Amino acid sequence: MLRMGAAAAGGAALVGSAEATSAQAAPVRAKRVLRAPVLSPGDRVRVVSPGGTPNPTNMARGIEILRGWGLEVELGANVFARYGYLAGTDAQRLADLNAALNDPGVRAVFAARGGYGTQRIVDQIDVSGLRRDPRVVVGFSDITSIQGKLWREIGLVTFYGPMVNWSDARTGPESAEALRRAVMTTEPVTITRDPAETAAPVLVPGRASGPLLGGCLTLISTSLGAEDAPRFDDAILFFEDVDEAPYSIDRMVTELRRVGVLSRVAGVAIGQITNSVGGPGEWDAPAVLKDRLYDLGVPVLGGLRLGHGNGQLTVPLGARATIDAEAGTLTVEPGVRPR
């Protein structure tokens, strides 16, 4: 049973409460989980651009980091292509992605950057090679759509973390080490609430466990009803976003309520809510999240350094996770298996 919440002492931010409820939907059958083998020095990894075109200077830095770990880095044919605001035509981007996902010599696929474009190609992803031979897949933001598709189709654990279009100003040594540990070791991942994060005041005490699923809130919202939308039953729903006003966050979370997603989750983990600015006298993002999440009857933990903000860390999506809201921790099982 989830513990009843209580207001924190000492004048801390308002805290909600979580309690067991019979209104939860019946559990669904557990999905078979696929994990790729842990990466090792000498492994071939490929960088592709399923969305927007990366910056060559930032790409050079990201490639340098990957090579510093002993990985052999190669680029998809259309990494730097341009087609409007996309990294090449849909056919070019899809061809690069499918080639990387199905080449038996490629042990990991890293997204160059996000931007926009994955939802235009996600329904044509070829998962046949991954089903037989899973490999590491890393990205975030617009890559949420691909990660949801791979989970829904074959139960593949992927990694929500920095992409190769690397910025040392945003993702410094701690971010790089978190990514390396997530894909090159079989250690569990623990993320601790950062009081400096925008959503840190959002807290409903309690513990809950389930597969960690989600990503960028905008992509979760715009995938509902499509083939890249996971089933969130009994999951820890994770979300973050950037450049969305509080009312927009309200609209997307309300959508998750209306379609029943939030009535079926075991808990909610909130990452970086970056550059969310409202009008004078309006709710800010934490106020919106409290208003929309505190009555769910499940633990809620905000303030995790996951997403578009500074110091971004890495977590496996699809791996079993536990949130302990009072302790301020999200602990996730390893996203890779021993070789």
Side-chain angles (χ1 to χ4, degrees), residues 35-41 43 45 47 58-59 61-71 73 107-114 135-141 143-144 147 157-200 211-216 236 238-242 269-274 301-324 327-338:
R35 287 178 170 82
V38 62
L39 291 180
S40 298
D43 282 344
V45 303
V47 183
N58 290 355
M59 278 284 286
R61 175 59 178 143
I63 292 168
E64 179 184 34
I65 289 170
L66 296 180
R67 287 177 174 160
W69 301 340
L71 301 174
V73 182
R107 302 318 314 154
V109 181
F110 287 83
R113 61 158 292 189
R135 66 209 65 191
V136 167
V137 176
V138 181
F140 79 107
S141 190
I143 310 305
T144 297
Q147 293 167 318
V157 174
T158 59
F159 294 85
Y160 202 82
M163 292 180 276
V164 185
N165 194 60
W166 197 274
S167 167
D168 285 314
R170 190 184 76 84
T171 44
E174 186 181 4
S175 298
E177 176 59 13
L179 175 58
R180 187 199 68 80
R181 285 170 59 92
V183 300
M184 299 191 73
T185 79
T186 55
E187 299 173 7
V189 174
T190 298
I191 309 294
T192 302
R193 172 184 173 273
D194 184 343
E197 286 294 333
T198 298
L212 184 70
L213 298 174
C216 180
I236 304 299
F238 156 67
F239 66 81
E240 59 85 24
D241 219 323
V242 62
I270 307 169
Q272 294 170 308
I273 305 298
T274 307
L301 174 61
L304 302 173
R305 227 168 348 121
L306 300 166
H308 289 77
N310 292 333
Q312 177 189 14
L313 303 175
T314 300
V315 286
L317 292 180
R320 187 168 180 82
T322 298
I323 56 170
D324 185 330
T329 57
L330 169 69
T331 303
V332 193
E333 292 181 355
V336 287
R337 58 177 169 80

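Here the structure is a predicted model, which is why all the values come from computation and not from measurement.
Taken to the nearest 0.5 Å, the CZ atom of Phe238 stands 8.0 Å off from the OG1 atom of Thr144. Separation of atoms OG1 (Thr158) and CD1 (Ile143) is listed at 10.5 Å; rounding is to 0.5 Å. Ile273 contributes atom CD1, which lies 6.5 Å from atom CG of Asp241 (distance to the nearest 0.5 angstrom). Distance check, rounded to the nearest 0.5 Å: CZ of Arg35 to CD of Glu333 gives 5.5 Å. Annotation: the span from Glu240 atom CD to Phe140 atom CZ amounts to 6.5 Å, rounded to 0.5 Å. Note: Leu39 CG to Arg180 CZ = 11.0 Å, rounded to the nearest 0.5 Å.
Annotation: side chain of Met59 is in contact with side chain of Val47 (closest heavy-atom distance under 4.5 Å). Put simply, the side chain of Ser40 does not reach to within 4.5 Å of the side chain of Met184, judged on heavy atoms.
Thr171 places no side-chain N or O within donor-acceptor distance of the main-chain N or O of Asp168, the cut-off being under 3.5 Å. A distance-only check finds a donor-acceptor pair linking the side chain of Arg170 to the backbone of Gly309 [under 3.5 Å]. A donor-acceptor pair is defined here as one N or O able to donate and one able to accept, closer than 3.5 Å; no such pair exists between the side chain of Thr186 and the backbone of Pro338. At least one donor-acceptor pair closer than 3.5 Å links the side chain of Arg193 to the backbone N or O of Ala200. Put simply, the side chain of Arg107 never gets that close to the backbone of Asp43: no donor and acceptor are under 3.5 Å apart.
Val332 approaches Ala321 most closely through the heavy-atom pair CG2-CB, 4.0 Å. When all heavy atoms of Pro162 and Leu313 are compared, the pair lying nearest together is CD-O, 4.2 Å. Residues Leu301 and Leu330 approach most closely at CD2-N, 4.1 Å, considering heavy atoms. The two residues Ala36 and Val136 make their nearest non-hydrogen contact at CB-N, 3.4 Å. Across His308 and Gln272, no two heavy atoms sit closer than the pair N-OE1, 3.6 Å. When all heavy atoms of Ser175 and Gly311 are compared, the pair lying nearest together is OG-C, 3.4 Å.
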Inset, instruction - Carefully, step by step, assess Phe159 and Val336 under the rule side-chain contact (heavy atoms from CB on, under 4.5 Å). - result: CA-CA 10 Å; Phe159 294 85; Val336 287; 3.7 Å; yes
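The one candidate from Val138, Leu213, Leu317 that meets the side chain to side chain contact (heavy atoms under 4.5 Å, CB included) condition with Gln147 is Leu317. Considering Thr314, Thr331, Leu306, Ile323 in turn, Leu306 is the only one that fulfils the side chain to side chain contact (heavy atoms under 4.5 Å, CB included) rule with Ile191. With Arg67 as the partner, the side chain to side chain contact (heavy atoms under 4.5 Å, CB included) test is satisfied by one option alone out of Ile65, Ile63, Leu71: Ile63.
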